[in-house]
Participant: 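Structure below; questions to follow.
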Amino acid sequence: MTIIAESKPKEYCDYLLRPGNTNCAGCGMSIGLQWLDQALAGEKPTLVIPACCGIVTAGAFPTSGYGVPTAAATFASSPALASGISAIAAINKEKNPIICWAGDGGTYDIGIATLSAAAERNEDIIYICYDNEIYGNTGGQRSSATPEGAVTSTTKSGKGERKKDIMAIMAGHRIPYAATLSVAHRDDFLRKIKLARATKGFRFLLILSPCPTGWKSEPDESTDLISTAVRSGLFPVYEVFDGKRYRINMKPDETPVEDYVKKQKRYRSVAADPKGLKDYIDQQWRYLIGMAKAFPATKDDGAFLATDVKAE
Amino acid sequence: MREFITGNQAIVRGAVRAGCNFVAGYPITPASSILNEIVRAFADGSGTVVQTEDEIAAIGQCIGAAMTGAKVLTATSGPGISLYSENIGLAQMGETPIVIVDCQRMGPATGGATATGDGDVMFARHVTSGSYPIPVLAATDAMSAYRLTYEAFNIAERLRTPVILLSSKAIAMTRQTVDLESVELPAAITRQRATSNGTFQPYHVDHPSDVPDFAPIGGSQRVRFTGSIHGEDGVLTIDRKKIDAKLKHLNAKIVGNAASLELVEADLDDSAETLVISYGLADGAAREAVKQSREHGNLVSHLTIFSLWPVPEIALRAAITPSIRRVIVPELNLGLYVEEIRKQVPGVLIESIQRIDGGLIYPQRIVDAIEQIEINAARGEEQLR
Ligand SMILES: Cc1ncc(C[n+]2csc(CCOP(=O)(O)OP(=O)(O)O)c2C)c(N)n1
Ligand code: SF4
């Protein structure tokens, strides 16, 4: 696939995410949607969005945030609605990508049945979950993506359970492409969007999406936080091909997870001793390294984009 | 003690006073704060609260807990009650008490997530396939939300049925001054337990409108629970006589006990020519309008309905005193319940006042209606309908 570079500046209305939208300052969605736009290089996707902050972004004039066709699905069924659009788009030989843009609630919790089914049918959809680890839209309740120890409006002394491993679940569907994306690493982020775009079938992308409102963090520290999450190993950046070949894109350094935790008041009850998170990092990396060793990605996996990536 | 609390806080207080000890819910505006508040209320260990993965799970957990004897509540709004629907039918079939709070929003689907309305009055009545009846109560403010939550538990336990309590965004999230402790309430009711003598039939009733005795699932008596049509033993049946008996019982249990379910407030004037009937959010405006109209010298009666379904026929008929010539029904929907009132009081001029855009009906609109009707009626005009 050739990726056409942008030739002329965009009009205000042409941006996938328009300026003047209602996203909070420092929201990870704002970075993610702009980078998605840049990676698609002029292509206009159809966005399918369930109930979440991202559908509030669609908003009312003059703050309607999307410069592309946008469909609001019920909370539980964005992959189903997208499947319907995709089926007819295929008959009509339409080329523009169909992208589900959903929060962790719509992905890990209420939407997981339709997500799993669309993945199993290998629908030609790019599914992007911006995971802010909370129900941002309804006042910050826990989700099954909320990490252990985090305070939410329904886990007042810190969540007791662990975060669900949605990547393992999606890899288990043997979909062509699944990857985690960091809003602190633009090149890797754009490459993965392009690779997802160039791949056919169901593609699952997971973004750890800073949410100053829910995380009780400073808006201007959002990307630093994600960078810390990646370097401490809390958010591993990797990709899985056909659900069975793993490639780790970034290795953690010695950055302590405390650096991440202490900047977010949601972790106030575990800040002194984030043992649960440390164990989580440990186990997660043991699993990932094991998988990457036993089932490594080949040099052909994603290779046809190698040159584009360097050009970024 | 006077407090300044929201309708949702009042509901939580009513539930706790009724002995509620299990809540499962899923966040949704404007019901979310019920879940948040109950987390606080149960922090002392007096109950269990679960935030589930969706609404199907929320009501599913409630049914499971209720089958063991717990007093359960779940709260949601339009999109969520749509997902409750199948499980409400299951609870109805298995004669399982649940209190379901619907904090209504405006419109279908997401509608106005932060806008108000009373649009679910028919949906609540017909929420299950087959349209077998479910008692439906409607709060008018924080105080009535408190009292009706308590009453809802009593009805649910007494008749072993799901009960829907309608609230709305404006009641759920508005603070009002209340004195909850001063409210006099009947004794809390708990399901009639089965005695352990003889063979236990989980759904046995002597008369169709009776309620079967309860035994918890997993206890010493064998309880069978199924969503399929079943006989008194709880075993799936294809025997038409048993099918007929079960379904008639589900109807008779509610309809046959309708008189005991009537909850209204009647402010009647024996010589009134106009009767205002209100429920839900329009009630506040109706009260104010009646007051103003009386100050203007009009003779007006007012009936507030708290128990929408079954329709409180006795109270309705009693409110149509001999001099009543017209009835005014303000509603925050397309004029849904007014049709029910038309059925009950044929031959009386009925005017429907509606608003559906998320805004409130102001008292002046009702005052205007009362006074205009007076004039027109005096002229003998009947086309106001
Ligand atoms: C069936 C249904 N239940 C509940 C809701 C209320 N609701 C809207 S958005 C939301 C939370 C969304 O959380 P998430 O998917 O994590 O996205 P975020 O708001 O954090 O962006 C909820 C519970 C709904 N719209 N529909
Ligand atoms: S609440 Fe969080 S996810 Fe929602 S717009 Fe604000 S920062 Fe973004």
Side-chain angles (χ1 to χ4, degrees), chain A residues 22 49-60 70-78 80-81 102-116 132 134-146 150-161 163-164 166 169 214, chain B residues 6 8 12 23-45 48-61 74-86 103 105-115 169 172-173 357-358:
Chain A
T22 54
I49 309 178
C52 61
C53 283
I55 201 62
V56 178
T57 311
T70 309
T74 66
F75 198 12
S77 67
S78 68
L81 199 121
D104 45 297
T107 303
Y108 290 66
D109 293 343
I110 190 168
I112 200 165
T114 53
L115 170 62
S116 170
N132 63 1
I134 204 168
Y135 288 6
N137 186 229
T138 42
Q141 295 84 1
R142 59 96 85 183
S143 78
S144 59
T146 304
V151 172
T152 70
S153 61
T154 47
T155 56
K156 301 213 191 285
S157 47
K159 190 185 166 198
E161 303 81 19
K163 186 180 173 86
K164 199 186 265 182
I166 194 77
I169 293 169
Chain B
T6 64
N8 278 354
V12 169
V23 174
Y26 192 64
I28 187 164
T29 307
S32 298
S33 64
I34 293 180
L35 188 63
N36 297 4
E37 283 292 326
I38 213 94
V39 170
R40 211 164 286 153
F42 285 170
D44 60 358
T48 302
V49 51
V50 189
Q51 182 195 325
T52 55
E53 66 275 26
D54 62 17
E55 284 86 353
I56 296 174
I59 188 165
Q61 289 212 16
T74 186
T76 188
S77 186
I81 202 149
S82 306
L83 293 179
Y84 282 2
S85 168
E86 184 190 4
C103 297
R105 319 165 151 190
M106 175 256 287
T110 304
T114 54
K169 184 260 164 185
M173 298 175 76
D357 64 359

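So that the names make sense, note that chain A is the first sequence line, chain B the second, and so on, each numbered from 1.
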Participant: Could you look at A/S153 and say if it's the side chain, the backbone, both or neither that has a heavy atom under 4.5 Å from chain B?
Facilitator: both
Participant: Please rank A/I110, A/T154, A/I112 by heavy-atom pairs under 4.5 Å with chain B and give me the top one.
Facilitator: A/I110
Participant: Which answer fits A/T74, side chain, backbone, both or neither, if we ask what part of it has an atom under 4.5 Å from a heavy atom of chain B?
Facilitator: neither
Participant: Counting only heavy atoms not in B/E53 (residues, nucleotides, ligands), do more than 12 fall under 6.0 Å from its CD?
Facilitator: yes
Participant: Begin with the C-alpha distance, continue with both residues' side-chain angles, and end with the deciding distance and a verdict on side-chain contact (heavy atoms from CB on, under 4.5 Å) for A/I55 and B/T110.
Facilitator: CA-CA 11 Å; A/I55 201 62; B/T110 304; over 6 Å; no
Participant: With a 4.5 angstrom heavy-atom cut-off, which part of A/Y108 approaches chain B: side chain, backbone, both or neither?
Facilitator: neither
Participant: Which atoms of B/I28 come close to chain A, meaning under 4.5 Å heavy atom to heavy atom: side chain ones, backbone ones, both, or neither?
Facilitator: backbone
Participant: Give the member of B/V49, B/N36, B/D54 that has the highest number of heavy-atom pairs under 4.5 Å with chain A.
Facilitator: B/N36
Participant: Give the ring-plane orientation class for B/Y26 versus A/Y135, where under 30° counts as parallel, over 60° as perpendicular and anything between as tilted.
Facilitator: perpendicular
